[in-house]
Amino acid sequence: MSNSPAPAHPVLISSLSPLLMDQKIRIAGKSLSYEHGTQLLLVQDETNHACLVDTTLVLEAMLRLPDLRESKMTVSVIGYLDRVKQQLAIPIIPAFVDVPEIDPSFVVRAILLTPSPDLDLTVWKESIRQRENAGVKTLLIDA
């Protein structure tokens with residue numbers, strides 16, 4: 001048995017589903033808004049899908065890296081998809097943004113949140129699509 005941590009599998013925000021519950025995933029997108037009271041970050045992909053990210057475990061990083069609180073900053077998140085019993089309050093969406101499709105009954109519990117200004121989200125999306133088309137088995141649901 002290996003002592004190395006389980007890998008975080010890359011997933012598109014638009015592909016988040018109950019099948020991914022409790023698996024370590026990696027998502028990427030643009031930060032839309034951050035709610036200090038609930039420590040929820042709203043992250044959107046290029047297809048106008050968004051997800052809630054619980055930053056409770058990475059709050060210290062949010063304080064050290066104020067860029068993460070800026071709207072439209074590209075971020076990479078590693079965490080676990082979790083279903084919440086009560087729908088979470090969605091942070092205020094800026095007026096200049098189309099309202100994205102969000103499922104407030106799911107949240108990504110972040111264990112690592114990184115600003116990634118050089119990450120090209122179009123390339124990110126295409127690389128995941130190519131992995132899927134090549135039949136790369138990465139998640140437990142593929143087994």
Side-chain angles (χ1 to χ4, degrees), residues 2 4-84 86-143:
S2 173
S4 58
H9 304 290
V11 177
L12 298 174
I13 292 173
S14 60
S15 298
L16 294 176
S17 76
L19 296 173
L20 300 172
M21 299 291 285
D22 302 323
Q23 294 189 47
K24 191 188 289 185
I25 59 173
R26 178 188 301 257
I27 59 169
K30 300 277 186 185
S31 65
L32 285 185
S33 61
Y34 178 72
E35 175 59 47
H36 293 278
T38 60
Q39 298 176 354
L40 289 175
L41 178 69
L42 187 61
V43 178
Q44 179 182 23
D45 67 10
E46 291 187 322
T47 62
N48 207 34
H49 286 84
C51 69
L52 294 168
V53 177
D54 178 357
T55 63
T56 306
L57 297 177
V58 291
L59 179 61
E60 189 174 319
M62 296 293 287
L63 296 174
R64 284 197 318 261
L65 301 168
D67 290 345
L68 290 175
R69 294 186 301 236
E70 290 181 15
S71 186
K72 293 296 195 175
M73 167 61 99
T74 302
V75 295
S76 176
V77 179
I78 295 177
Y80 293 87
L81 186 64
D82 193 14
R83 182 181 295 274
V84 292
Q86 282 188 315
Q87 289 189 354
L88 299 171
I90 296 171
I92 296 172
I93 298 171
F96 60 86
V97 175
D98 290 334
V99 177
E101 186 175 323
I102 307 166
D103 185 345
S105 66
F106 291 102
V107 65
V108 176
R109 306 267 184 216
I111 55 176
L112 181 65
L113 179 66
T114 311
S116 305
D118 296 327
L119 178 62
D120 184 329
L121 293 175
T122 303
V123 174
W124 167 263
K125 179 180 173 182
E126 183 59 27
S127 67
I128 292 174
R129 295 281 183 223
Q130 286 183 9
R131 288 172 58 98
E132 291 170 353
N133 291 341
V136 175
K137 296 188 184 294
T138 56
L139 297 171
L140 295 175
I141 61 172
D142 292 333

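It should be emphasised that the depicted structure is a prediction, and the values quoted were computed from it without experimental measurement. Hydrogens, waters and symmetry mates play no part in the numbers below; they use all other heavy atoms, side chains included. Counting from 1, the numbers follow the sequence of the chain as shown.
The CD1 atom of I27 sits 10.0 Å away from the CD1 atom of I128 when rounded to the nearest 0.5 Å. Here the CD1 atom belonging to I92 is positioned 11.5 Å from the CG atom belonging to L42, to the nearest 0.5 angstrom. Put simply, CD1 on I102 and CD1 on I13 are 10.5 Å apart, with the number rounded to the nearest 0.5 Å. The SG atom of C51 sits 10.5 Å away from atom CG of D103, with the distance rounded to the nearest 0.5 Å. Put simply, CG on L112 and OG1 on T55 are 12.5 Å apart, with the number rounded to the nearest 0.5 Å.
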inquiry  = The test is side chain to side chain donor-acceptor pair (under 3.5 Å); show your working for E35 and Q39 and say whether it passes.
reply    = CA-CA 5 Å; E35 175 59 47; Q39 298 176 354; over 6 Å; no

inquiry  = Show, in sequence, the C-alpha distance, side-chain angles and deciding distance for M21 and R83, and conclude whether the side-chain contact (heavy atoms from CB on, under 4.5 Å) test is met.
reply    = CA-CA 7 Å; M21 299 291 285; R83 182 181 295 274; 3.1 Å; yes

inquiry  = Evaluate V97 against Q44 for side-chain contact (heavy atoms from CB on, under 4.5 Å), listing each step before the verdict.
reply    = CA-CA 10 Å; V97 175; Q44 179 182 23; 3.9 Å; yes

message = Run the side-chain contact (heavy atoms from CB on, under 4.5 Å) test on I25 and L16 for me, step by step, so that the C-alpha distance in whole Å, both residues' side-chain angles and the decisive distance to 0.1 Å come before the verdict.
response = CA-CA 10 Å; I25 59 173; L16 294 176; 3.6 Å; yes

task = Starting from the C-alpha separation in whole Å, work towards a yes-or-no answer on salt bridge (Lys or Arg N to Asp or Glu O under 4.0 Å) for E126 and R129.
result = CA-CA 5 Å; E126 183 59 27; R129 295 281 183 223; over 6 Å; no

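In this structure, K125 contributes its side chain and E46 its backbone to no donor-acceptor pair below 3.5 Å. The closest donor-acceptor contact from the side chain of S17 to the backbone of L19 lies under 3.5 Å. No donor-acceptor pair closer than 3.5 Å links the side chain of T74 to the backbone N or O of K72.
Between N48 and V99, the closest heavy-atom pair is ND2-O, 3.3 Å. In terms of heavy-atom proximity, S31 sits nearest to L41 at CB-CD1, 3.9 Å. Closest heavy-atom contact between A89 and L40: O-CD1, 3.5 Å. When all heavy atoms are compared, the tightest approach of I90 to L52 is CA-CD2, 4.3 Å. Annotation for Y80 and K24: closest pair OH-CE, 3.2 Å, computed over non-hydrogen atoms. Residues F106 and L81 approach most closely at CB-CD1, 4.1 Å, considering heavy atoms.
Under the 4.5 Å side-chain criterion, counting only non-hydrogen atoms from C-beta, V75 is in contact with L113. Contact check for K30 versus L121: side-chain heavy atoms found under the 4.5 Å cut-off. Annotation: side chain of P91 is not in contact with side chain of L32 (no heavy-atom distance under 4.5 Å). W124 is not listed as a side-chain neighbour of S76, based on a closest heavy-atom distance of 4.5 Å or more.
Shown here is E101, whose CD atom has no more than 12 heavy atoms of other residues, nucleotides or ligands within 6.0 Å.
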